[in-house]
Protein chains: 2
Amino acid sequence: MSMEEPRKPQATLELVAERAGVSRATVSRVVNGSDRVKAGAKKAVEQAIRELNYVPNRAARSLAQGRSNSIALVVPENTAKFFADPYFAKVVQGAAQYLAGTEFMLTLLLSTESDPAKTTRYLQGGNVDGALVLSHHADDQSYADLGALLPMVYGGRTMSTDQNEIYVVDIDNIAAARQATELIIDRGRSKLAMIAGPQDMGAGLDRLIGFQRAVQDAGLEPVAIEAGDFTPASGHQIMQQMIKNNIEFDGLFAASAQMGFGALQALAEAGISVPEQVSVTAVDDDSFARSSTPPLTTIAQFPERQGEIMAELLIKRIHGEQVPEWSIMDTKLVLRDSH
Amino acid sequence: MSMEEPRKPQATLELVAERAGVSRATVSRVVNGSDRVKAGAKKAVEQAIRELNYVPNRAARSLAQGRSNSIALVVPENTAKFFADPYFAKVVQGAAQYLAGTEFMLTLLLSTESDPAKTTRYLQGGNVDGALVLSHHADDQSYADLGALLPMVYGGRTMSTDQNEIYVVDIDNIAAARQATELIIDRGRSKLAMIAGPQDMGAGLDRLIGFQRAVQDAGLEPVAIEAGDFTPASGHQIMQQMIKNNIEFDGLFAASAQMGFGALQALAEAGISVPEQVSVTAVDDDSFARSSTPPLTTIAQFPERQGEIMAELLIKRIHGEQVPEWSIMDTKLVLRDSH
DNA sequence: TTGAAAGCGCTAACAT
DNA sequence: ATGTTAGCGCTTTCAA
């Protein structure tokens, strides 16, 4: 059905102006929704735009305005797991969805290990108006200084010290872990083990703290604590090891649903029944939590919403609005059969 | 530790030129790696760049060059599952990783249902030099015409007809499904059921065809075929239904590992043993395939590699190189315990 | 090998 | 309410 239509040259503001019989400035005003344009002129311009199928050139606009109308989503690549993790995927989705309703575009920035400075340079270069930073490990100090140059919003608390003006959207990981742990204790269990997260990440660290506090407050001692990397495989492997080491426990708190999922598998393989012999809870509610056997009792967070809030805050900051440095999101207890 | 350093104005080409004692043209040449620059001048410029911490402005460069040095990753948003699907996540990862080694940036373009024209307009507007399109449903005709205006590469075959010049990177879904099905038949099973994928997607359709051919070639008749949406939940639900309907089958082919995972759960819940009573295979090798009980025998595809190839082909096309319209990727048989 | 100068398409004073 | 004009920061002929 191709009509051999001669490929029209990309319409410009100037062309639209000519056709509508007005100046470029007027066209620009119409395009940008200024109200200082007579209805008649506006109509003419709009028609010309339609006829010419005009679309503004972003580069030109950016150059003239001195801003890019796009923001970066920075993803430390060392986190190869990043994309495999439903949590991050959802955060991205939430942010992208929010931005779809704005003038901003989302640029994916994989910060390569080979050349981390590349990312920094890009961010500094005025190529984006702000940045969303995810999966922030302790060694990612690279962006810390950028905070002064560019509005940034972090997903999950950073581990930086002596920093001011760090904008973070996160849940209260300590409280979440504590609550999940208490669930187990309330079941009358007293020999608690934990599969913790990476200790170079805020979420990993805080969930460990929450667990420890809950255990301590109950007058107990943890029987085992081992750190994984949030993946199902690590949960599986750690649990196998615990079993092999003949550790006696009747309760298990996993810092992520993915690790809980893996642990549950190892438990099943060893013929240990859940929740009868071991009561299990975790943080995160994702497809792993729902599809494990038995389904996991968890403290749910809402990653899409988190992404949305991150994007929203960033845009506000870009527009010069004041926003709180800390946005602590609510969590929700999801009772299933594992505890 | 903040030093109250006065925020330096963003360095420009001009500033660099002044400092290095050369013209802007020369700086531009150095920046762009031209060889028509004397070693001395080059050195001076490089030092000035370092001292001023100069980073080229993309918008200005784009405007001058008439190209954006960025490409879009188009994601039909109706695919809310998109981000939850490890397959897509990996494709994105592969593409992003490849692009990190080039001058191109990746812009995430969620094509919103509310305003699909927005995406089209953006793509047309010369804002990107090319586009990668994923998860292409039959009704996504929106981009079809764009192919003439902008280099595009699809992940997974499209369902468009009468189209020329559609560039696609995919596996041979028919062959993959056939192979997976034959595995079951080779086990001596003759009452085969299939959980198919969405019939408005190439992958869904082709895997059904492959299954049917294998069954037919063996002189058999399928005992049940039901289409899901590639998610674990749909696999679970469909299998429950089949069991409830007292369908007799001793072999099951699932069009995706995720659906196979769900089906395996339903089977287990019904006390049906795998592979003893039912032999199960699927296409896709992901965390679901690995973590199901029993682990799934599958035909693996390599989504990261697919993303990589997609990006590579797109860049080549942008640079005017000729590339084949069809890139069929190899698959690999992964034997596990489910069949 | 280098520089001068003309834009790229748009916005934003400033005038009118 | 609308037009004029001067850039935004860079690339790229064209001359030298």
Side-chain angles (χ1 to χ4, degrees), chain A residues 8-46 48-49 52-70 103 105 121-122 124-129, chain B residues 8-46 48-49 52-70 103 105 121-122 124-129:
Chain A
K8 294 177 202 157
Q10 185 64 287
T12 67
L13 230 193
E14 174 135 38
L15 259 20
V16 175
E18 275 174 24
R19 183 170 197 119
V22 300
S23 74
R24 298 186 306 173
T26 298
V27 177
S28 178
R29 290 192 184 96
V30 172
V31 168
N32 294 296
S34 160
D35 46 352
R36 314 203 146 282
V37 181
K38 266 225 204 97
K42 188 172 170 191
K43 267 220 139 64
V45 170
E46 280 168 344
I49 288 180
L52 295 171
N53 201 3
Y54 167 75
V55 184
N57 178 310
R58 278 178 81 80
R61 182 184 289 206
S62 292
L63 186 55
Q65 292 184 145
R67 58 203 187 84
S68 66
N69 281 326
S70 69
E103 75 230 275
M105 288 284 123
R121 242 181 295 128
Y122 184 77
Q124 281 180 328
N127 300 308
V128 291
D129 301 329
Chain B
K8 293 176 202 158
Q10 185 61 350
T12 66
L13 230 190
E14 173 135 38
L15 259 19
V16 175
E18 274 173 25
R19 184 171 197 116
V22 299
S23 73
R24 299 185 304 172
T26 299
V27 177
S28 177
R29 291 192 183 97
V30 172
V31 168
N32 295 295
S34 160
D35 45 352
R36 313 206 146 281
V37 180
K38 266 225 204 92
K42 187 172 169 189
K43 267 221 141 65
V45 170
E46 281 167 344
I49 287 179
L52 295 172
N53 201 3
Y54 167 73
V55 183
N57 178 311
R58 277 179 83 77
R61 182 182 285 200
S62 291
L63 186 56
Q65 291 184 145
R67 58 205 189 83
S68 66
N69 281 326
S70 70
E103 76 230 276
M105 288 283 124
R121 243 181 294 127
Y122 184 78
Q124 280 181 329
N127 300 307
V128 291
D129 301 331

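All values below come from the heavy atoms of this structure, side chains included, with hydrogens, waters and symmetry mates left out. Letters A, B, ... are given to chains in the order of the sequence lines, protein chains preceding strands, and every chain is numbered from 1.
One interatomic measurement links the two molecules: CG of B:Asn69 to C1' of D:dC10, which rounds to 12 Å at whole-angstrom precision. At whole-Å resolution of the value, CG in A:Asn127 and C1' in D:dC8 are 14 Å apart. If you take CZ of A:Arg61 and C1' of D:dG9, they are 18 Å apart, rounded to a whole angstrom.
B:Arg19 is not listed as a side-chain neighbour of B:Val16, based on a closest heavy-atom distance of 4.5 Å or more.
Remark: A:Thr12 engages no residue in a side-chain hydrogen bond (donor to acceptor under 3.5 Å, both in side chains) (not counting sequence neighbours).
Scanning residues 31-45 of chain B for heavy-atom distances under 4.0 Å to DNA chain D yields B:Asn32.
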Expected list for residues 31-38 of chain B: side-chain donor-acceptor pairs under 3.5 angstrom, two or more places apart:
from: B:Asn32; atom 1: ND2; to: B:Ser28; atom 2: O; distance (Å): 2.8
from: B:Asn32; atom 1: ND2; to: B:Ser28; atom 2: OG; distance (Å): 3.3
from: B:Ser34; atom 1: OG; to: B:Arg36; atom 2: N; distance (Å): 3.1

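Each end of the helix from C:dT1-D:dA16 to C:dT16-D:dA1 yields a helix axis from five base pairs, and these two axes differ in direction by 30° (to the nearest 10 degrees).
Between the OG atom in B:Ser23 and the CD atom in B:Glu18 there is a gap of 12.0 Å [rounded to 0.5 Å]. Rounded to the nearest 0.5 angstrom, A:Lys42 NZ and A:Thr26 OG1 are separated by 13.0 Å.
If you check D:dA6, D:dG9, D:dG3 against the side chain of A:Arg24, the one that comes closest is D:dA6. Checking D:dC10, D:dT12, D:dG3 against the side-chain heavy atoms of B:Ala25 singles out D:dT12 as nearest. Of the listed nucleotides (D:dT4, D:dT2, D:dT11), D:dT11 has the atom at the smallest distance from the side chain of B:Leu13.
Within the structure, every side-chain polar atom (N or O) of A:Ser23 is placed at least 4.0 Å from both OP1 and OP2 of D:dT4.
Closest non-hydrogen pair, A:Asn127 versus A:Tyr122, comes out as ND2-O, 3.1 Å.
A 4.0 Å heavy-atom criterion places the boundary nucleotides of DNA chain C facing chain B at C:dT1 to C:dG9, written 5' to 3'.
Listed by first and then second residue, the side chain to side chain donor-acceptor pair (under 3.5 Å) pairs that reach into residues 58-67 of chain A are A:Arg67-A:Asn69, sequence neighbours excluded.
For B:Leu63 and B:Thr26, each mapped to the nucleotide of DNA chain C holding its nearest heavy atom, the one lying further toward the 5' end belongs to B:Thr26.
Taking 3.5 Å as the limit, the base of D:dG3 and the side chain of A:Arg29 contain a donor-acceptor pair of atoms between them.
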